[in-house]
Amino acid sequence: MPSEQYRKPMRNLFPLQSDPAFVGLELLRASLDCVFINDLRGKLLFVSNAGARLLDSAPDAMVGMTFSQIEPLPAHVAALFDRCRAEVLSTGMATVHAYSIPTLHGTCEHEFTISPALNDAGAVVGTLIISRDVTVRLPSKPIAPIEGDITEKDSGALDMAARESIQQEKLRKYVMQAANCQLWYADVTELSPPTHLEWTIYISDEAEAQRFLPLDVRQGETYQDARYRCRIPEDRDACNALGTQSVRAGRSYSQDFRTTCADGAIRWLHEDIQVETVQEGKHWRVVAVCTD
């Protein structure tokens with residue numbers, strides 16, 4: 001996280017698009033990590049694009065399946081996932097593990113965190129797995145600009161997309177609540193002269209952020225301002241240093257820190273943070289998943 005002096009106010013990721021489905025769900029789906037969400041029976045409810053690429057399958061094709069039913073997934077990895085799921089469902093505690101998986105380009109080494117997914121009442125309703133390739137990072141793909149006028153065919157496609165976004169919003173809310181996590185995104189630039197990084201931070205949904213991590217947001221503050229202020233000072237300084245060092249190196253990282261909640265309780269949080277270099281030494285994009 002950035003130093004307070006160089007943070008810009010939080011705002012919607014897409015200021016011209018009010019539908020939060022285009023933010024939260026797509027951030028989760030587009031995460032550079034492999035994200036899997038299972039129900040209590042082990043059936044997949046959600047698979048990120050990176051997870052689908054790892055298993056050489058389409059995300060939707062795996063929904064409703066268990067890990068043992070996914071043919072490209074080696075049996076030893078499926079067994080590890082199932083064993084860890086059983087442990088998490090039994091203890092209610094997150095755990096961290098590692099595994100190797102063969103791909104067309106050789107063997108990939110992965111580390112993953114598996115956490116319990118909770119409902120609003122605090123009951124465990126499934127599991128969230130965030131798996132990271134620690135061998136190589138996936139290359140970034142530039143987004144192609146939209147050119148030309150919108151045709152009648154385009155308009156029909158947009159209407160269909162709008163209807164689909166309603167369903168995506170329902171799925172996004174279910175995923176976020178069941179996963180019991182928080183997503184944020186940052187656009188990071190190096191100031192000139194290069195003395196500090198400037199972070200422009202966005203959050204997918206402030207109401208859901210407050211549900212996950214209730215904070216005392218003071219008058220004139222955004223939720224992100226309060227999130228930064230409420231962090232324990234020594235942890236905040238350590239996160240600032242780690243974030244600056246990692247972003248400048250173009251290196252993804254993880255961090256743990258303590259935060260003071262609205263009721264005064266101290267809560268430990270964990271963040272997995274993906275860093276993508278847009279322009280070497282000058283511009284980076286950051287996507288983060290925050291869990292207990």
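Sequential numbering from 1 along the given sequence is applied to the chain's residues. What you see below is based on every heavy atom in this structure, not just the backbone, and it leaves out hydrogens, waters and symmetry mates.
Between F67 and F36, the distance separating the two ring centers is shorter than 6.0 angstrom.
In this structure, the side chain of S252 engages the main chain of V275 through a donor-acceptor pair within 3.5 Å. Between the side chain of R236 and the backbone N or O of R231, at least one donor-acceptor pair lies under 3.5 Å. Side chain of S90 to backbone of A86: no donor-acceptor contact under 3.5 angstrom is found. Side-chain atoms of H97 do not come within 3.5 Å of backbone N or O of F81 as any donor-acceptor pair.
The ring pair (Phe, Tyr, Trp, His ring centres under 6.0 Å) search around F212 returns none, not counting sequence neighbours. In this view, K43 and D39, R41, T66 satisfy the side-chain contact (heavy atoms from CB on, under 4.5 Å) rule, not counting sequence neighbours.
With rounding to the nearest 0.5 angstrom, the CD atom of E190 is 9.0 Å from the OG1 atom of T244. We find the CD-CD distance between Q224 and E221 to be 11.0 Å, quoted to the nearest 0.5 Å. A distance of 13.5 Å separates CD1 in I130 from NE2 in H110, rounded to the nearest 0.5 Å. Remark: T95 OG1 to E87 CD distance equals 5.0 Å, nearest 0.5 Å. Between D82 atom CG and T127 atom OG1 the span is 9.0 Å, to the nearest 0.5 Å. For the atom pair OG of S131 and CG of D272, the computed distance is 10.5 Å after rounding to the nearest 0.5 Å.
Contact between C34 and A50 at its shortest, heavy atoms only, is SG-O, 3.5 Å. Across every non-hydrogen atom of M62 and G51, the tightest pair is CE-O, 4.4 Å. Contact between V63 and L45 at its shortest, heavy atoms only, is CG2-O, 4.0 Å. Heavy-atom minimum distance, S246 versus Y253: CB-CD2, 3.2 Å. Scanning both residues, A94 and S115, for their nearest heavy atoms gives CB-OG, 3.6 Å. Taking every heavy atom of both residues into account, G64 and Q69 meet most closely at O-OE1, 4.3 Å.
Within 6.0 Å of CD on E280 lie no more than 12 heavy atoms contributed by other residues, nucleotides or ligands.
In this structure, V287 and D33 have side chains that are not in contact, with every pair of non-hydrogen atoms separated by 4.5 Å or more. Taking 4.5 Å as the limit, some side-chain heavy atom of D256 sits within range of a side-chain heavy atom of W268. E198 has its side chain out of reach of D187: every pair of non-hydrogen atoms, C-beta onward, lies at least 4.5 Å apart. Residues V289 and V35 fail the side-chain proximity criterion, which asks for heavy atoms closer than 4.5 Å. Counting heavy atoms from C-beta outward, I201 and Y228 have side chains that stay 4.5 Å or more apart. No side-chain heavy atom of Y99 sits less than 4.5 Å from a side-chain heavy atom of P74. Using a 4.5 Å heavy-atom cutoff, the side chains of R227 and T259 are not in contact. Here the side chains of V217 and Q210 are in contact, with some heavy-atom distance below 4.5 Å.
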> So R229 and D225, side chain to side chain contact (heavy atoms under 4.5 Å, CB included) or not? Walk me through it.
Replying inline: CA-CA 6 Å; R229 173 179 52 79; D225 292 332; over 6 Å; no

>> I'd like to know whether R132 forms a side chain to side chain contact (heavy atoms under 4.5 Å, CB included) with S254, so could you lay out the CA-CA distance, the side-chain angles of the two residues, the decisive distance to 0.1 Å, and finally the verdict.
In response: CA-CA 11 Å; R132 172 172 298 173; S254 299; 3.6 Å; yes

>> As a quick check of understanding, evaluate side chain to side chain contact (heavy atoms under 4.5 Å, CB included) for W199 and V247, giving each step before the final call.
In response: CA-CA 11 Å; W199 297 61; V247 167; 3.8 Å; yes

> Passes side chain to side chain contact (heavy atoms under 4.5 Å, CB included), L80 versus F112? Steps please.
Replying inline: CA-CA 11 Å; L80 174 62; F112 71 93; 3.7 Å; yes

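By the criterion of side-chain heavy atoms lying less than 4.5 angstrom apart, applied directly or through intervening Ile, Leu, Val, Met, Phe, Trp or Tyr residues, L215 is not grouped with I232; the two fall into different hydrophobic clusters.
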